[in-house]
**Q** 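Here you go, one structure.
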There are 2 protein chains.
Amino acid sequence: MNPTIKDVAKYANVSIATVSRIVNGLPGYSEDTKKKVQEAIEALGYQPNAIARGLINKRTQTIGVLFPDVSGMLSSEVLEGVENAAHDAGFSVIVCNTASSGKRTVKYLRLLQEKRVDGIIFASEVVKEEYYKIFQEMKVPVVLVSTASSEFDLPFVRVNDFEGAFRATEYLITNGHKMIGMIGGKTNDPIAGIPRLKGFKEALQKHSLPYSEKHITISEGYRFQNGKESLPVLLKQLPNMTALFAVSDEVAIGAMTAAHQLGIKVPEELSIIGYDNLKFAEMCYPGLTTVSQPLKDMGQTAGEILVKLIKGEEKEAESRFMPFTIVERQSVCDLRNK
Amino acid sequence: MNPTIKDVAKYANVSIATVSRIVNGLPGYSEDTKKKVQEAIEALGYQPNAIARGLINKRTQTIGVLFPDVSGMLSSEVLEGVENAAHDAGFSVIVCNTASSGKRTVKYLRLLQEKRVDGIIFASEVVKEEYYKIFQEMKVPVVLVSTASSEFDLPFVRVNDFEGAFRATEYLITNGHKMIGMIGGKTNDPIAGIPRLKGFKEALQKHSLPYSEKHITISEGYRFQNGKESLPVLLKQLPNMTALFAVSDEVAIGAMTAAHQLGIKVPEELSIIGYDNLKFAEMCYPGLTTVSQPLKDMGQTAGEILVKLIKGEEKEAESRFMPFTIVERQSVCDLRNK
DNA sequence: ATTAAAAGAGTAAACGTTTACGTAAAACGC
DNA sequence: GCGTTTTACGTAAACGTTTACTCTTTTAAT
């Protein structure tokens, strides 16, 4: 077995209390004994048992993170940020892949409860009442990332999706586009779906550009296939469209692929702007101009806020809107010089 | 505080031992008391404390996973598989992002040791002696994924990279290509670098095709930029190249982008085959033909093997070569019909 | 020199479980 | 109906820590 504090105490001829104090940097011993104990620790290769510590301290130095899709491109970058913040603060992170299933989510939440995690990060999903109840039962801080809840009072870290969509659309307008379409996400999705649609619409209206249902196609998801399938539909509705705002990068790239297949040149004949700035937004051809969500930063920030809440350094949780930027690549062309 | 087993015992008027037995499905009580206790559990909302359990059982039902790059596209799919297998077996997974740093790796290993994880999955990196020593100290099973160790006896789950590269090259040859180049990975990388280079070379030789240093460019990494920068170099070395084998999908797509910029048509003037089958291999244009590593499966398999080892169901760890396939998309053209 | 305060260290309880052991009652065998 | 086994529990130790409390011994203050 691994050596315990008792072994160290025996080896150094002191009590376990003294060893504990030295290990934890508490006062109450002479330099001499400190040295003796440290030598004992070294000699035995002692490692404190975090489980025993957790039992008595009621602190596990562990947080749980729930994603609807761990391997998704959004999730993985957020995860990196969270992991980073956690690690810096001496916490470990347990990942949970809820697969957007309520059952699985609850199961995971229960598991995290049994494991006595110190806090939870909940990403990219809407918070159901069922979940919220468990949060309360658990009595640990929770922070939302890339989502928010109108119903429940939980701190969040996200970008303002309305603003992002608004600005993306304005960007197209600024570049001289007048006939602009959008491939939108689910209309029942309060996080990414509704606000982006709204931002698009209001930007058009602000600039007195035509807007009707014809300008929008609703896809069932945010994936490549959705974009690929939606572009032809949208094109039929809005034949003289010169620019497209896609609800996500994957959708944008799907649309781009569809355009290639239809022989439509991007950006000469059709400009496309995406949303997310996933890693491969720069890898497609032409490089995708897109609204950049600072995913890693968001994860990091969420992690930091959670840690502060756990440590009790902050009582009231501050939510944070993270800044987005429009990163310009080659998928939008400027019509003004024509 | 959360209710404990004592509270349940008191509520149900039995001893904690009885509650424990019931909770754990051990024999030794009447149906009557079982009902009483279950009601008590229900009424109090009792959840067993996994920390206390871990302390006495010396089992945490937790595994640690180390990645050089959590948010990398390879890692995230492997992670999903691991997480899946772990969850199915009732284990949680702690993710660690080593950032390919020895220091960080050791730090994480120590952390996992303190947290008393039951096993470790180590991904995509070479196992240094320093790490191996800690593995031994920890006395927990370890399984490697997407890597292997010649030096140390550790079970692995991976594809045969030599074979994969060989077959990829043969695929190009079968399609009538004779002048084939490769953008290779690091020559000091025993996992992905050396075997893929070797596979390429031997395939050419087997089919009596010309081969010299000119057919290869070595890039410093496996990323998009590496591919983008390497293509022009390779093209200078091998001007009449008709097909390219890229050491990774990112490199392949980088090369594809470079080709676009140089006005070289893919696949008409240059065929490209990649390696990995990342999610966005199908999202670029033209769709990338590539060697598919079953990343999620690999993670899942590694997870399953680890769990078996932890449970002691298997004594000797079996390593596994996973099957790769070549997924055909549009980036390779068939020269035989010409 | 006397007393008070501080420093150095030990003892033991507590955290929430599991489980070996003990014991009384019930069930069984004949 | 008696001894024996089985069933149904309860008691208490153990897991590896932290920490409140106690007790000496040293240091400081007057």
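Note on naming: letters A, B, ... go to the chains in the order of the sequence lines (proteins, then strands), and numbering restarts at 1 for each one.
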**Q** Could you pull out all residues at least two apart from A/S124 that satisfy side chain to side chain contact (heavy atoms under 4.5 Å, CB included)?
**A**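 Applying side chain to side chain contact (heavy atoms under 4.5 Å, CB included) to A/S124 gives A/P68, A/S146.
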
**Q** Rounded to the nearest Å, what distance is computed from the NZ atom of residue B/K35 to the C1' atom of nucleotide D/dA8?
**A**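 Atom-to-atom, B/K35 to D/dA8, this comes out as 17 Å.
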
**Q** Does A/E39 have any salt bridge (charged side-chain N to carboxylate O under 4.0 Å, His left out) partners at least two apart in sequence or in another chain, and if so, which?
**A**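 Applying salt bridge (charged side-chain N to carboxylate O under 4.0 Å, His left out) to A/E39 gives none.
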
**Q** Between atom CG in B/N13 and atom C1' in D/dA8, what is the gap in whole Å?
**A**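 Going from B/N13 (CG) to D/dA8 (C1'), I get 16 Å.
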
**Q** End-to-end bend of the helix from C/dA1-D/dT30 to C/dC30-D/dG1 (five-pair axes, 10° rounding)?
**A**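 That helix gives 30° between its end axes.
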
**Q** Just the atom pairs and distances: protein N or O near nucleotides 13-18 of chain D's N or O, under 3.5 Å.
**A**
unit_1: D/dC15; atom_1: O3'; unit_2: B/K58; atom_2: NZ; d: 3.2
unit_1: D/dG16; atom_1: OP1; unit_2: B/K58; atom_2: NZ; d: 3.0
unit_1: D/dT17; atom_1: OP1; unit_2: A/Y46; atom_2: OH; d: 3.1
unit_1: D/dT17; atom_1: OP1; unit_2: A/N49; atom_2: N; d: 3.1
unit_1: D/dT17; atom_1: OP2; unit_2: A/I5; atom_2: N; d: 2.6
unit_1: D/dT17; atom_1: O5'; unit_2: A/Y46; atom_2: OH; d: 3.2
unit_1: D/dT18; atom_1: OP1; unit_2: A/N24; atom_2: OD1; d: 3.3
unit_1: D/dT18; atom_1: OP1; unit_2: A/N24; atom_2: ND2; d: 3.0
unit_1: D/dT18; atom_1: OP1; unit_2: A/R53; atom_2: NE; d: 2.9
unit_1: D/dT18; atom_1: OP2; unit_2: A/S20; atom_2: OG; d: 2.5
unit_1: D/dT18; atom_1: OP2; unit_2: A/N24; atom_2: ND2; d: 3.2

**Q** Not counting sequence neighbours, which residues clear salt bridge (charged side-chain N to carboxylate O under 4.0 Å, His left out) with B/K308? List them please.
**A**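 Per chain and number, B/K308 pairs via salt bridge (charged side-chain N to carboxylate O under 4.0 Å, His left out) with B/E314.
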
**Q** Using a 3.5 Å cut-off and no angle test, enumerate the donor-acceptor pairs between side-chain atoms of residues 300-307 of chain A and protein atoms at least two apart in sequence or in another chain.
**A**
unit_1: A/Q300; atom_1: OE1; unit_2: A/N84; atom_2: ND2; d: 3.1
unit_1: A/Q300; atom_1: NE2; unit_2: A/E304; atom_2: OE2; d: 3.1
unit_1: A/T301; atom_1: OG1; unit_2: A/D297; atom_2: O; d: 2.7

**Q** Test: side chain to side chain donor-acceptor pair (under 3.5 Å). Region: residues 17-31 of chain A. Which pairs qualify, not counting sequence neighbours?
**A**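 Every pair satisfying side chain to side chain donor-acceptor pair (under 3.5 Å) with a residue in residues 17-31 of chain A: A/S15-A/T18, A/S20-A/N24, A/N24-A/R53, A/S30-A/T33.
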
**Q** Suppose we screen for ring pair (Phe, Tyr, Trp, His ring centres under 6.0 Å). Which residues come up paired with A/Y222, at least two apart in sequence or across chains?
**A**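 Partners of A/Y222 under the ring pair (Phe, Tyr, Trp, His ring centres under 6.0 Å) test: none.
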
**Q** Could you check A/S92 against B/K115 for side-chain hydrogen bond (donor to acceptor under 3.5 Å, both in side chains), going step by step and ending with a plain yes or no?
**A** CA-CA 9 Å; A/S92 301; B/K115 290 250 163 94; 2.6 Å; yes

**Q** In a check of side-chain hydrogen bond (donor to acceptor under 3.5 Å, both in side chains) between B/E80 and each of A/S76, A/S75, A/S71, which one passes?
**A**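 Passing option: A/S71.
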
**Q** Quick one: side chain to side chain donor-acceptor pair (under 3.5 Å) pairs with a partner in residues 40-51 of chain B, sequence neighbours left out?
**A**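 Applying side chain to side chain donor-acceptor pair (under 3.5 Å) to every pair that reaches into residues 40-51 of chain B, excluding sequence neighbours, yields nothing.
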
**Q** Holding to salt bridge (charged side-chain N to carboxylate O under 4.0 Å, His left out), I want the full list of residues that pass it with A/E77, two or more places apart in sequence or in another chain.
**A**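 By the salt bridge (charged side-chain N to carboxylate O under 4.0 Å, His left out) rule, A/E77 matches no residue at all.
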
**Q** Establish, with yes or no, whether the OP1 or OP2 oxygen of D/dG10 is under 4.0 angstrom from a side-chain nitrogen or oxygen of B/T18.
**A**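 Answer is yes, contact under 4.0 Å.
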
**Q** Does the side chain of A/T33 get closer than 4.0 angstrom to OP1 or OP2 of C/dG8 through an N or O atom?
**A**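 Checking A/T33 against C/dG8: no side-chain N or O falls below 4.0 Å of OP1 or OP2.
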
**Q** Check nucleotides 24-27 of chain D for protein N or O atoms closer than 3.5 Å to its own N or O atoms and list the pairs.
**A**
none

**Q** Taking ring-ring contact (aromatic ring centres under 6.0 Å, His included) as the cut-off, I'd like each qualifying pair that reaches into residues 84-105 of chain B, sequence neighbours left out, listed once.
**A**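 Sorted result for residues 84-105 of chain B: A/Y108-B/H87.
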
**Q** Indicate whether OP1 or OP2 belonging to D/dT7 is found under 4.0 Å from a side-chain N or O atom of B/S30.
**A**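 Checking B/S30 against D/dT7: no side-chain N or O falls below 4.0 Å of OP1 or OP2.
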
**Q** Ignoring the backbone of A/L26, work out which of C/dT11, D/dG10, D/dT19 is nearest its side chain.
**A**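 My answer, after comparing the listed nucleotides, is D/dT19.
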
**Q** In whole Å, what is the span from the CG atom of A/D32 to the P atom of C/dA7?
**A**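 Those two atoms, CG and P, are 17 Å apart.
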
